[in-house]
Amino acid sequence: MMANALTDNWIYVVVLVAYLGLLAAIGFALRSRSKNAADFAIGGRSVGPWVTALSFVAAYFSSVVIIGGGAFGWKFGMSTLWVGACNVLVGTTLAWLVLGKRIRRFTENLDVVTLPGFFYGRYNSPQARIFSATITGLFLIIYNVSVLKGMANCFEVLLDMPYWSGVVISGAVILFYTAMGGYLAVVWTSFVQGIVMIVALTLLTIVSLQKVGGMSALVDRLTTVDPGLVNTPGVWGWAGLISFALIVSLGTWGMPQLLVRFYSIKNDKMLRLGVVIVTIGASVAMLPYLCGSIARVLVPSIGSPDEAIPALTALVLNDWGGALFLAGVVAAGMSTFAGVLIIISSSMVRDVWIKGLGRTMTPAAELKANRIMSLSVGLISLLIALKPPALVLVLTAFSWAVIASTNLWPLLFGIYWKRTSPKATFASMVCGASAALIWQVLTKFGPSVSWIPAPPESLRNVHGFIIGVLTALAVIVIGSLLTRPAPQENLRRAWGEE
Amino acid sequence: MGPFHIPWSTFGAVLMLIFAILLAVVWAVVDAGKDKGDRQ
């Protein structure tokens, strides 16, 4: 069956093999550039603006966003363009303006290479470091499983290959280049992946728009299906639109695999150029939603909204275009997976094993441990993805909500408000993560399981992200006003005053 | 009705995108000027 699939789809195979080969070659070429754990984790703070900006875009917009965004566009119509616009303004431009410069300076002043390391350096709180590293590591593995599953589904649908082979092929290539080349390989491959993604999405949008008869024709045809597909909030409603836009935009402010891009950029000048490049590059976030709306007109009868983008691709693009688009989707998934792998391995080795448990390691041993850890975590994700739990998509939403509720405020307040206290930070992490988790369990299982209390019906559409983030905010502000700030020595180091 | 028959309530998303790009450019220029001023 697999041999037939490969012969029948030889154009797809040629494009994918060439593309995956290029990624593996980049990892192999950069293997000697990772000389120590800091190089492995953040590339020795030597990365330029183009690579940083486009790798940020590639890590932000995973295959889940392309396929899922298209599904939302198909289901809810053009009001979903607001989600893409929020991704650009809040999730990208404002994140770079508000966080970028300060995170780069603070992590350099404190000489740290991970987010949990920053929490320790800034707050002198070993508890905050261990808690953040553990929660981030655990929930990012869940996120990785769903990203891998998304890529394997694309192989399955577009190439007619067995699901397991899609998991093994994409997983093996990512593991190879990440373990070989570390962060530098991840950002350089993400840079290539970002370009492939932008080209693929632009191509699909232009050809689909031509096929539907242009933008005005699209709006007219959607209106005849349902006027709610062109108005805002339209068929989605304000609650769904606003909470989803907030989760996928503000949520990124607490995601370590994106924040790490700020540590590694060379200097402020590069960061300024990077802001402009990343904003323009992130504009592609609008396209999956627009393509989903076009698919509603061109492919109205599909089994599930998740099939909107693959079905549209099959309808409007020839085999070469389809192969390029598949490469774009695989690119989006791979760059996210690889970025997450680096974060988990450096957090686990440095923050939990060495600093948390007090083990000593030579720089060479730490680098080796990082490589082994990224391979192990990748293999665990791969094994779970071979037989993913039915709840994996629900768990993905869990993971974003819990990670953001843990990291968002301790990071933001940590770089702007000296009064933020270590005790309030730790309490905010624990309360935020617990509130997000508990709320999602209550809303998911409460209505069907008798011994779990269900929230009132009017509140069930409120996502755990909102509950977790608001709880964490209240705890960090009130707690900081009631308890002592971090030691002066930590504050002076963080602000570069010594 | 906005451009391409799109209702203004939805076309606002495109305006938000344009605002984001302008904001990034203006910030980069202002920040560069501030840095230059600090160095002098």
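Source: prediction; values computed, not measured. The chains referred to below are lettered A, B, ... by the order of the sequence lines, with proteins before strands, and numbering in each begins at 1.
- Contact of A:M78 with chain B is made through backbone and side chain together, with heavy-atom distances under 4.5 Å.
- Contacts from residues 223-234 of chain A to chain B, taken as heavy-atom pairs separated by less than 4.5 Å, involve A:V230, A:N231, A:T232 in sequence order.
- Remark: the backbone N or O of B:S9 is paired with a side-chain donor or acceptor of A:W82 at under 3.5 angstrom.
- Counting non-hydrogen atoms of neighbouring residues, nucleotides and ligands closer than 6.0 angstrom, the NZ atom of A:K418 exceeds 12 such neighbours.
- Considering CG of A:L81 and CG of B:L17, their distance stands at 10.0 Å, rounded to 0.5 Å.
- Inter-residue side-chain proximity for B:L23 and A:L89 is flagged as met; some heavy-atom pair is nearer than 4.5 Å.
- Between B:H5 and A:D220, the shortest heavy-atom contact is ND1-OD1, 3.0 Å.
- Interface remark: A:K101 contributes side-chain atoms only to the contact with chain B (heavy atom separation under 4.5 Å).
- Of all the heavy atoms in B:M16 and A:A85, the pair that sits closest is SD-CB, 3.6 Å.
- Rounding to the nearest 0.5 Å gives a distance of 10.5 Å between OG1 of B:T10 and CG of A:L222.
- Counting heavy atoms of neighbouring residues, nucleotides and ligands inside a 6.0 Å radius, atom CZ of B:F4 does not exceed 12 of them.
- With a threshold of 4.5 angstrom between heavy atoms, A:D268 approaches chain B through side-chain atoms but not through N, CA, C or O.
- Atom CH2 of A:W50 has 12 or fewer neighbouring heavy atoms from other residues, nucleotides or ligands inside a 6.0 Å radius.
- In this structure, B:D31 CG and A:R272 CZ are separated by 5.0 Å, a value rounded to the nearest 0.5 Å.
- Contact detail for B:I21 and A:S283: the closest heavy-atom pair is CD1-OG, 4.1 Å.
- For a residue to count as touching a neighbouring chain, one of its non-hydrogen atoms must lie under 4.5 Å from one of that chain's; by this rule A:L94 touches chain B with the side chain only.
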